[in-house]
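Written below as structure tokens is the structure these notes are about.
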Amino acid sequence: MKRRLIKAAVTAVIIILAFVLQSYISLATNLIIVTPNFLLIVTSILGFMRGENFGSLTGLFCGLLVDIAFGDVLGLYALIYTYIGFFSGIFKRLLHNDHVYVAMFLVFFNDFIYNSFVYIFRFLLRNKLTYSFYFDHIILPEMIFTAFFMLILYKLFDYLNDKIYVEKQESELYFGK
């Protein structure tokens, strides 16, 4: 029980830090149009390392934070982040999470999916049909920035996964000296 509370507290702190960092960067800089999506990095990596359920819950909380702070409709970003966390968690069973390049490609692809859904629900339904402009100026640069920052943050998440999230099973038999 104590271990679960520690995992939940660490995850909550990570989500809040990512949200504050993403909000601060996007609101403080007027010159930069595109900022890295730290909440997407958190959702993708934790889903990839911990599985579908953990990724979905992480995505739900990340999306609810974005919906409450910046969204017009409550639930749109929560749904998108939940699906991204679940999709990332599926790859836990299929691939090894030791390779940083697999996680980088997953974050790169998830950012494309995220921005495509944002385009569909925020712009396409309002009859704004300039997807090529949106892709060139928003989606592609954000995908590159997010993948770059994921490379920086991956070792931190790998360390947290080894020390906090994974429970070590110790054998009762000891054959050492």
Side-chain angles (χ1 to χ4, degrees), residues 11-92 94-95 100-154 157:
T11 305
V13 167
I14 290 172
I15 290 172
I16 290 170
L17 284 175
F19 176 72
V20 168
L21 185 63
Q22 182 173 336
S23 301
Y24 178 74
I25 289 175
S26 65
L27 294 176
T29 57
N30 294 333
L31 300 174
I32 300 174
I33 296 173
V34 177
T35 59
N37 195 339
F38 291 109
L39 291 173
L40 184 93
I41 292 171
V42 168
T43 302
S44 296
I45 291 178
L46 288 179
F48 181 59
M49 289 183 174
R50 302 299 306 148
E52 300 102 345
N53 294 336
F54 201 86
S56 296
L57 280 175
T58 304
L60 177 68
F61 290 122
C62 289
L64 283 175
L65 275 174
V66 173
D67 278 334
I68 291 169
F70 304 113
D72 298 335
V73 178
L74 187 65
L76 174 65
Y77 290 105
L79 182 68
I80 294 171
Y81 277 108
T82 302
Y83 282 140
I84 285 173
F86 182 79
F87 177 73
S88 298
I90 290 174
F91 283 96
K92 180 185 187 293
L94 301 175
L95 302 169
V100 69
Y101 298 114
V102 173
M104 184 182 73
F105 177 74
L106 186 64
V107 168
F108 193 78
F109 182 73
N110 283 342
D111 201 5
F112 173 74
I113 296 297
Y114 168 80
N115 281 312
S116 295
F117 278 130
V118 168
Y119 172 77
I120 289 170
F121 290 118
R122 305 259 326 191
F123 298 111
L124 186 65
L125 293 178
R126 294 180 183 164
N127 205 17
K128 296 180 181 178
L129 304 174
T130 57
Y131 184 75
S132 61
F133 177 81
Y134 187 74
F135 182 80
D136 291 341
H137 291 84
I138 304 293
I139 294 177
L140 189 60
E142 184 177 315
M143 288 169 54
I144 293 169
F145 282 163
T146 304
F148 174 73
F149 278 99
M150 192 284 312
L151 285 174
I152 296 170
L153 295 174
Y154 185 77
F157 281 105

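As the structure is a prediction and not an experimental result, all values here were calculated from the model.
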- Note on the structure: Here the gap from I120 atom CD1 to L125 atom CG, rounded to the nearest 0.5 Å, amounts to 8.0 Å
- Relative to each other, are the rings of Y77 and Y114 parallel, tilted or perpendicular (30° and 60° limits)? tilted
- Query: What class does the angle between the rings of F149 and F38 fall in, given that below 30° is parallel, 30 to 60° is tilted and above 60° is perpendicular?
  - Reply: perpendicular
- Message: How close do S88 and N110 get, counting heavy atoms only, and between which atoms?
- Response: OG-ND2, 2.8 Å
- Query: Under the ring-ring contact (aromatic ring centres under 6.0 Å, His included) test, which residues partner F87, sequence neighbours left out?
  - Reply: F91, F109
- Query: Do N37 and Y81 have side-chain atoms, one donor and one acceptor, less than 3.5 Å apart?
  - Reply: yes
- Validation row: F157, I14 side chains within 4.5 angstrom (heavy atoms): yes
- Got a donor-acceptor contact below 3.5 angstrom from the S26 side chain to the S23 backbone? yes
- Item | Interatomic distance, F117 atom CZ to I84 atom CD1 [nearest 0.5 angstrom] | 8.0 Å
- Message: Please report the interatomic distance CG(L140) to CD1(I138), rounded to the nearest 0.5 Å.
- Response: 11.0 Å
- Are the side chain of N115 and the backbone N or O of D111 linked by a donor-acceptor pair below 3.5 Å? yes
- Task: Count the heavy atoms belonging to other residues, nucleotides or ligands that lie under 6.0 Å from CZ of F148, then report whether that count exceeds 12.
- Result: no
- Are more than 12 heavy atoms from other residues, nucleotides or ligands located less than 6.0 Å from atom CZ of F70? yes
- Sub-4.5 Å side-chain heavy-atom contact between L106 and M150: no
- Whether over 12 other heavy atoms sit under 6.0 Å from N53 CG: no
- Roughly how far, to the nearest 0.5 Å, is OG1 of T130 from CG of L124? 9.5 Å
- Among F135, Y134, F133, whose ring pair (Phe, Tyr, Trp, His ring centres under 6.0 Å) with H137 holds? F133
- Message: Other residues, nucleotides and ligands only: do more than 12 of their heavy atoms fall within 6.0 Å of CZ on F19?
- Response: yes
- Query: Considering residues, nucleotides and ligands other than Y119, do more than 12 of their heavy atoms fall under 6.0 Å from its OH?
  - Reply: yes
